[in-house]
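Written out below as structure tokens is the structure these notes cover.
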Amino acid sequence: MAHFAELDNNNIVLRVTVVDNKDTTDANGVEKEYIGQAHLEKILGGTWKQTSYNANMRGNYAAEGFTYFSDQDLFMPPKPHNSWSMATAEATWKAPITEPTLSEEDMAAGKYYSWDESAYQADNTQGWVLNTLE
């Protein structure tokens with residue numbers, strides 16, 4: 001079974017579907033993306049890119065709302081904050097400043113850091129806010 005993501009005109013994933021091996025393999029039984037794409041285009045129309053459930057291709061397993069970046073050949077989740085940038089090697093979004101490390105005491109108290117974009121925009125040395133589980 002192979003998984004394929006349908007893309008809109010802006011490379012946003014509309015849906016992900018599964019395609020049977022018989023509809024993705026050549027005469028020698030070798031899986032080929034273009035065969036699966038042609039199969040889906042014939043029966044459903046649209047533009048399709050293969051994605052991997054195990055994330056062993058294109059960075060992340062595609063999901064509805066993800067974006068396919070053709071220049072990086074990556075599926076990425078929605079960008080969490082305007083100031084974050086793409087880390088292509090890890091296929092993740094990275095904050096512009098490093099998240100502080102929680103102390104053992106903070107961890108035991110159920111504390112965690114979250115990003116505050118407005119704090120970062122006001123002072124680009126700030127952004128991570130310490131919170132407590134309630």
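Note that this is a predicted model, so its numbers are computed, not measured. Along the sequence shown, residues carry numbers from 1.
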Original post:
Given Tyr120 and Trp128, is the side chain to side chain contact (heavy atoms under 4.5 Å, CB included) satisfied, shown in steps?
Top reply: CA-CA 8 Å; Tyr120 177 76; Trp128 291 105; over 6 Å; no

**OP:** Start with the C-alpha gap between Thr67 and Asn11, add the side-chain angles, then the distance that decides, and say whether side chain to side chain donor-acceptor pair (under 3.5 Å) holds.
**Re:** CA-CA 6 Å; Thr67 301; Asn11 283 342; over 6 Å; no

Subject >> Test side chain to side chain contact (heavy atoms under 4.5 Å, CB included) applied to Asp20 and Met1, step by step >> reply: CA-CA 5 Å; Asp20 193 282; Met1 303 302 257; 4.2 Å; yes

Subject >> Step-by-step side chain to side chain contact (heavy atoms under 4.5 Å, CB included) determination, Asn60 to Leu74 >> reply: CA-CA 7 Å; Asn60 294 290; Leu74 285 175; 5.8 Å; no

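The minimum heavy-atom distance linking Ala5 with Thr51 is given by the pair N-CG2, 4.4 Å. For the pair Glu6 and Gly45, the tightest heavy-atom approach, listed with the atom from each and the gap, is OE2-O, 4.3 Å. In terms of heavy-atom proximity, His3 sits nearest to Tyr61 at CD2-OH, 3.3 Å. Closest heavy-atom contact between Lys111 and Leu102: O-CD1, 3.3 Å. Shown here for Phe75 and Leu7, the closest heavy-atom pair between the two residues is CE2-CD2, 4.0 Å.
Of the possible polar contacts, none joining the Asn124 side chain to the Ala122 backbone as a donor-acceptor pair under 3.5 Å is found. Without hydrogens or angle criteria, Gln37 side chain to Trp48 main chain gives a donor-acceptor distance under 3.5 Å. Looking only at distances, a side-chain donor or acceptor of Arg58 sits under 3.5 Å from a matching main-chain atom of Gln50.
At a cut-off of 3.5 Å, with distance as the only test, a side-chain donor of Ser83 or Glu117 sits close to an acceptor on the other residue. Counted by atom type alone, Tyr68 and Asp73 present one or more donor-acceptor pairs between their side chains at under 3.5 Å.
Heavy atoms from other residues, nucleotides or ligands lying under 6.0 Å from NZ of Lys94 number 12 at most. Counting heavy-atom neighbours within 6.0 Å of Tyr53 OH, excluding the residue itself, gives a total of 12 or less. Within 6.0 Å of CG in Asn9 there are 12 or fewer heavy atoms belonging to other residues, nucleotides or ligands. For CD of Glu105, the number of neighbouring non-hydrogen atoms (other residues, nucleotides, ligands) closer than 6.0 Å is 12 at most. Environment of CD in Glu33: crowded, with over 12 heavy atoms of neighbouring residues, nucleotides or ligands closer than 6.0 Å. Residue Asp123 qualifies as enclosed at atom CG: its count of foreign heavy atoms under 6.0 Å is above 12.
To the nearest 0.5 Å, the span separating CG on Leu130 from OH on Tyr113 amounts to 4.5 Å.
Hydrophobic clustering (side-chain heavy atoms under 4.5 Å, transitive across Ile, Leu, Val, Met, Phe, Trp, Tyr) groups Val16 together with Phe66. The hydrophobic cluster containing Phe4 does not contain Ile12, counting ILVMFWY residues as joined when their side-chain heavy atoms lie under 4.5 angstrom apart, directly or transitively.
Between Arg15 and Glu64 there is no salt bridge, since no side-chain N of the basic residue sits under 4.0 Å from a carboxylate O of the acidic one.
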